[in-house]
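A short worksheet on the structure shown next.
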Amino acid sequence: MFISNAYASAAGAPQGGGTMELIFMLAIFGLIFYFMIFRPQSKRVKEHKNLMSSLGKGDEVLTSGGILGKIAKISDESDYVLLSLNDTTQITIKKDYIAAVLPKGSIQSL
């Protein structure tokens, strides 16, 4: 009574050209993912790996927690580094937490 009847329209079948557009859009999203996310991340990982391999005794470093120190002891078989914060204080940290190598004398200038 209050609801009208719904009738199907006599329109034609949907067109079949959508698969190529879908493949094209997926390719575009794949390229965007590669250039915006994957490539910069792999570049950062490569730079950090080069930084870890170039560490040596006496280097002044900055940790990801903001601690400045001088490397007192480093070993190739262990993933840990002994940092000297001053003449009496030394801490042990994991190599992965070293964020940057500072220029020589930067700790003394602070």
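FYI, the numbering just counts along the sequence from 1.
A donor-acceptor pair under 3.5 Å links the side-chain atoms of H48 to the main chain of I98, judged by distance alone.
Residues satisfying the side-chain contact (heavy atoms from CB on, under 4.5 Å) criterion with A72, sequence neighbours excluded, are L82, S84, Q90. Residues meeting the salt bridge (Lys or Arg N to Asp or Glu O under 4.0 Å) test with K104, sequence neighbours left out: D59. Residues forming a side-chain contact (heavy atoms from CB on, under 4.5 Å) with S64 (at least two apart in sequence, or on another chain): Y97. Not counting sequence neighbours, the partners of K94 by the salt bridge (Lys or Arg N to Asp or Glu O under 4.0 Å) test are D79. Residues satisfying the side-chain contact (heavy atoms from CB on, under 4.5 Å) test with T89, not counting sequence neighbours, are L85, N86. In this structure, the side-chain hydrogen bond (donor to acceptor under 3.5 Å, both in side chains) partners of S106, at least two apart in sequence or on a different chain, are E60. Listed by chain and residue number, F35 satisfy the side-chain contact (heavy atoms from CB on, under 4.5 Å) test with L31 (two or more places apart in sequence, or in another chain).
Sorted by first and then second residue, the pairs that involve residues 22-41 and meet side chain to side chain donor-acceptor pair (under 3.5 Å), not counting sequence neighbours, are Q41-R44. Sorted by first and then second residue, the salt bridge (Lys or Arg N to Asp or Glu O under 4.0 Å) pairs involving residues 80-91 (not counting sequence neighbours) form an empty list. Here salt bridge (Lys or Arg N to Asp or Glu O under 4.0 Å) pairs that include residues 25-35, with residues two or more places apart or in two chains, number zero.
The closest side-chain heavy-atom distance from V81 to V61 is not below 4.5 Å.
The structure places OG of S53 at 9.0 Å from NZ of K95, a figure rounded to the nearest 0.5 Å.
Taking hydrophobic clusters as Ile, Leu, Val, Met, Phe, Trp and Tyr residues chained together by side-chain heavy-atom distances below 4.5 Å, F29 does not share a cluster with L22. Hydrophobic clustering (ILVMFWY, side-chain heavy atoms < 4.5 Å, transitive): M20 and M25 are in distinct clusters. Criterion: ILVMFWY side-chain heavy atoms under 4.5 Å apart, direct or through other members. Under it, I91 and M52 are part of a common hydrophobic cluster. Side-chain heavy atoms closer than 4.5 Å link hydrophobic residues (I, L, V, M, F, W, Y) into clusters, and following such links, even through other members, never connects I74 to L102. Hydrophobic clustering (side-chain heavy atoms under 4.5 Å, transitive across Ile, Leu, Val, Met, Phe, Trp, Tyr) keeps I93 apart from I107.
Other residues sharing a hydrophobic cluster with V45 under the 4.5 Å side-chain heavy-atom criterion for ILVMFWY residues do not exist; the residue is a singleton.
More than 12 heavy atoms of other residues, nucleotides or ligands lie within 6.0 Å of CD in E47, so this atom counts as buried by the packing criterion.
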